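Accompanying notes for the structure given below.
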Amino acid sequence: MTDPERLLTEALHRRVEDTTYHPTPLHDVVATARGIRRRRRGRAVLAMAAAVVVVTVPTAVVLGTDDAPSPTRPTGPPPWVTERQTPSSGIDLSDLERGAPPRVDYVDGRTYVGYGGARTPLPARYGISAVTPYHGGFLVADTRYFEGSLGLTQYDGSGGTVGEWCSTGSPVVSGDQLQTAYVTAVCRKSGETGSFVIHRGIASGMGEGETSQNVGRPVSLVGILGDRIVYTGQFGEGAWMTDLVSQPAAIAGLASVAGVNEQTGLATGQRADSPDTGVVLDPETGDVRWSEPGTTLGGFAPDGEHVLGLVDQGDGPCCPAVFDADSGDPVPAVADALASLGVVQLPLVWEDDSHLLGVLTHGERRAIVRVGLDGRITRASAVLAADSNHDIVFAAHP
Amino acid sequence: MTRERPTTDFESWLSAREPALQRTALLLTGDPHSAQDLVQTTLAKLYLAWDRIDDHEHVDAYARRVLVNEHRSAWRRPWRRREVVTDAVPDRDLPAPGYDDAHDAVWAFVATLPPRQRAVIVLRYYEDLTEAETADVLGIAVGTVKSQASRAIASLRSHVDQHPEISDRKEER
């Protein structure tokens, strides 16, 4: 150790070694924790960085299906674990007009529910936060959340475990539904060192052609644009694209990226120079289509014509809003429709180009509801008993 | 999902280890109030994760990781970046016994370092982590740790040469 190093060590130690501190009362810690938990729930509503469920077309879904494999629907914009919201009004979920069942696959507890209602038990030991049919089986992300990481298990078609890792973010699927990308990571526990590797494989293939790249930091994948995977750093390290061959390239102008659409080639995210401002831009050129202060943007509708987001009404991003992806003009019918039910916050995912899905909970009961861009709300499931250990997790589209 | 937290274990850990976290936080932030805020947020996050931590032998290092990352997140926030940057060293509370002009000058130098470089220095020269451990905590490459530390030491060496109170102190050694 050189003299400057020795002096530095000494100065740092002496600077603090005899300083007195005020112990933090436990109740203050608990109160702060509650606040953090509330904000995390708010962010879960956004599903901006934490894409959770993707479902693509499997070649064989044979994990003990109750029925024949469903024609599974493709994946979508950043999906997320649904949160229960209690309408402030006294609506009765049973009063909502019954519409068609969800036109996207979803996970109900530990059961995969395909388009058409086919139910496949998933051999997961933990709560499921994401599932991607993959290589004839499934990639299942679970709820072992630990400071940004979660568990990820690949099962084969008979339910056997192919591999188990820690992961970050959630798998994503390409617009043509042929490719799946996911992250395997060092488990974020103390003292461990390791890597954060993005893998890209053929979703319906048998393992050939998988490519990977260690990006060296915890990331959340957002989508696939052509041959590039788009991701965002979990600790605010910006928005990135990589072809898994060359070094990842930063997306200029973005503090984080939340959605991409292969049809338009556009991305959503938060402005680097103003993280409270949502922006739609061309990630290749940095050309900004529009931006909106006080807004957190999320995923595109499958056709790329609309963007889901949350607006800040004075206490942080809270309330769903839909914008025209090209102009940024708001589509007020969605918020108005929710307001008519007394619902301010409701996590939503895109079902198709003009409908969103969410799980609405009222008291001890819940139901999947569909919200149209025209403001029409229908019930897409039976009214079920609410179960805090039994999340419904939607699939969405590329 | 609401779950009950095993507060007893956490409370025991808190009372034993909070002072160490406070010290590191003070070195990272440079002022006691920011340090206390940083520690409280860190403790809250640890509290939320407590029953998911498989190996409680590693809680200290996990807490350090949360602390450092929270600090990095905090100084990236817009309100933080709007703060006026100044070369002046902020007021500090009473110096520790044995803290002389040379230490003061070195501390003043540390206070001028950019946040990430300062975190590297604190983890390497206060927490005594290896380069690999420092890289892991900060989520950066080992090479970045080496270069950041190396540049800081080179700057400090230059700083020493320009400040007689440190040079004299060095010669006394």
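Order of the sequence lines fixes the chain letters, A, B, ..., with proteins taken first and strands second; residue numbering starts at 1 for each chain. If you're wondering where the values come from, they're calculated on a predicted model, not measured in any experiment.
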For a salt bridge (charged side-chain N to carboxylate O under 4.0 Å, His left out) with E70(B), tell me which candidate from K45(B), R64(B), R65(B) qualifies.
K45(B)
Is it the case that R14(A) places NZ or CZ above or below the six-membered ring of W107(B), under 6.0 angstrom from the centre and within 45 degrees of the axis?
no
Student check: side-chain heavy atoms of C166(A) and T184(A) closer than 4.5 Å:
no
Residue part contacting chain A, namely of E18(B), when any heavy atom lies under 4.5 Å
side chain
Scan side-chain atoms only and decide if S34(B) and D31(B) contain a donor-acceptor pair under the 3.5 Å cut-off.
yes
Using heavy-atom distances under 4.5 Å, tell me whether I121(B) contacts chain A through its side chain, its backbone, both, or neither.
both
Which atoms of L43(B) are under 4.5 Å from chain A, going by heavy atoms: the side chain, the backbone, both sets, or neither?
both
Is Q40(B) close to chain A through its backbone or its side chain, or both, or neither, when contacts mean heavy atoms under 4.5 Å?
both
